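Since this is a predicted model, take the numbers as computed values, not measurements. Each residue takes its place number in the sequence, starting with 1.
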Amino acid sequence: MLQIISIPLGWIMSRIYEIVGNYGITLILFTIVTKLLMMPLTIKQKKSMIRMNAFQPLIQNIQKKYKDDPAKQNEELARLQNEHGFSMTSGCLPLVIQMPILFGLIDVIYKPLRYIMGVSNDVITTLTPVVEKMVGTMSRYSPQTDIIKAVQSNPSAFSGLLEADVISKIQAFDFSFFGLDLTATPTLAFNALLIIPVMVVGSMVVQQIVTMKLSGQQTNGGQQVSMLLMSTVMMAYFSFVIPAGVSLYWIFSSLFAIAQEFVLNIFINPEKEKAKIEEEIMEARRLKKEEEKKKREKQKTVKGDKYVEEAIENKDEAEKVRQRLERARALDREKYGE
């Protein structure tokens, strides 16, 4: 299933590399292209988030009012959603759709040998034990980078496993980026490569803060800080166990997301959108009250009409009784006289 997404994304990345001929620049352009392709989902998610934030006060009131009655709470929340035509899970849908795309992106980024140079999985499987004998333990997250480095350092060792044009293509593969070797894994030693983990953590923290501020999210201080700290520690760890090239993708992905948030905020201002939604909520409530008022008046009219009908029916019945009595009296007069 993952290959359904990875193959077309890999084709895009391969075409970009053919044009620019540098892995680092390819990653940057690939990030921009894929982010632009996912823009409709990003916009939908942003709008859903703003709409959800507008309904948060109403949701919280219901949760507080019926905190001891879960069944009634769910009933009122369902009624709220039906009345205003929104779903509490709608904001999750774009994220759910994006998840397999993100996994496909990661798959492509981690496997340049497969998706940029077009080496088949069967050949890669054959190469893996050979490289393990040469370099020892391979990268857990991006072993194909180790294979490329091994071929570049000792191409003759792979002459019987790879065609000459493939070896030449691997040898020409450019992993450098502003003097940094993107196949290398950063360490805590003080060197130029250490800037990669620093930028990974820094860009990710800034992205989360900017997104939170510009999206108009209602925040829970302690919970937000805990999540930010946990994600920061996790990304810091990964930036020291994966090749710098993969980390470069995460850096530019975060930087693009920050720029994207500022641009979207111009066209989809959270405060203005939230104000519109709140006006819609007020209008919907006003219309509901008018409808209920009309319904009550109609019920009164129906009851009044029924009362009139019953009165008329009773009057007609009384008239019929009177006429029967009058006829009976007339017969008695004829028979017995006055």
Kindly work out whether a path of hydrophobic side-chain contacts (I/L/V/M/F/W/Y, heavy atoms less than 4.5 Å apart) joins [X] to [Y].
X      : Y      : answer
Leu193 : Phe178 : yes
Ile195 : Phe240 : no
Ile19  : Ile109 : yes
Val263 : Leu36  : yes
Val206 : Val198 : no

Please find the pair of heavy atoms, one from [X] and one from [Y], that lie closest to each other, and give the distance.
X      : Y      : result
Gln260 : Lys35  : OE1-O, 4.1 Å
Pro143 : Met138 : O-CE, 3.3 Å
Phe30  : Leu9   : CE1-O, 3.3 Å
Leu27  : Gly245 : CD1-O, 3.0 Å
Ile28  : Phe252 : CD1-CZ, 3.5 Å
Tyr17  : Asp174 : OH-N, 3.1 Å

Side-chain contact, heavy-atom cut-off 4.5 Å: [X] with [Y]?
X      : Y      : answer
Phe262 : Val210 : yes
Thr183 : Ile148 : no
Leu37  : Ile12  : yes
Pro243 : Leu182 : no
Tyr23  : Met13  : yes
Val123 : Leu161 : no
Phe158 : Val131 : yes
Asp146 : Glu132 : no

Expected output: side-chain [X] to main-chain [Y] donor-acceptor under 3.5 Å:
X      : Y      : value
Asn191 : Leu194 : yes
Gln171 : Val151 : no
Asn82  : Ala78  : yes
Ser142 : Tyr110 : yes
Asn74  : Pro70  : yes
Ser48  : Lys44  : yes
Ser239 : Ala236 : yes
Gln152 : Phe173 : yes
Thr126 : Asp122 : yes

Approximate separation, where rounding is to 0.5 Å, of [X] [atom1] and [Y] [atom2]:
X      : Y      : atom1 : atom2 : value
Thr26  : Tyr249 : OG1   : OH    : 14.0 Å
Arg114 : Ser6   : CZ    : OG    : 9.5 Å
Asp107 : Ile5   : CG    : CD1   : 10.0 Å
Ser120 : Leu113 : OG    : CG    : 9.0 Å
Ile251 : Met199 : CD1   : CE    : 4.5 Å
Glu75  : Asp69  : CD    : CG    : 8.5 Å

Is it the case that atom [atom1] in [X] sees more than 12 heavy atoms from other parts of the structure closer than 6.0 Å?
X      : atom1 : value
Glu291 : CD    : no
Ile43  : CD1   : yes
Met117 : CE    : yes

Full working for side chain to side chain contact (heavy atoms under 4.5 Å, CB included) between Val200 and Phe238:
CA-CA 10 Å; Val200 167; Phe238 279 116; over 6 Å; no
For Leu264 and Met39, what are the C-alpha separation, side-chain angles and deciding distance, and is it a side chain to side chain contact (heavy atoms under 4.5 Å, CB included)?
CA-CA 10 Å; Leu264 287 180; Met39 185 70 79; 4.3 Å; yes
Take Phe55 and Ile277 through the side chain to side chain contact (heavy atoms under 4.5 Å, CB included) test and state the conclusion after the steps.
CA-CA 9 Å; Phe55 280 96; Ile277 296 169; 4.0 Å; yes
Step-by-step side chain to side chain contact (heavy atoms under 4.5 Å, CB included) determination, Leu162 to Ile170
CA-CA 10 Å; Leu162 294 170; Ile170 293 174; 4.0 Å; yes
For salt bridge (charged side-chain N to carboxylate O under 4.0 Å, His left out), just list the numbers for Glu280 and Lys276, CA-CA rounded to whole Å, side-chain angles, deciding distance to a tenth of an Å, and then say yes or no.
CA-CA 6 Å; Glu280 291 175 6; Lys276 288 180 183 178; over 6 Å; no
Step-by-step salt bridge (charged side-chain N to carboxylate O under 4.0 Å, His left out) determination, Glu290 to Lys293
CA-CA 5 Å; Glu290 288 185 358; Lys293 183 179 178 182; over 6 Å; no
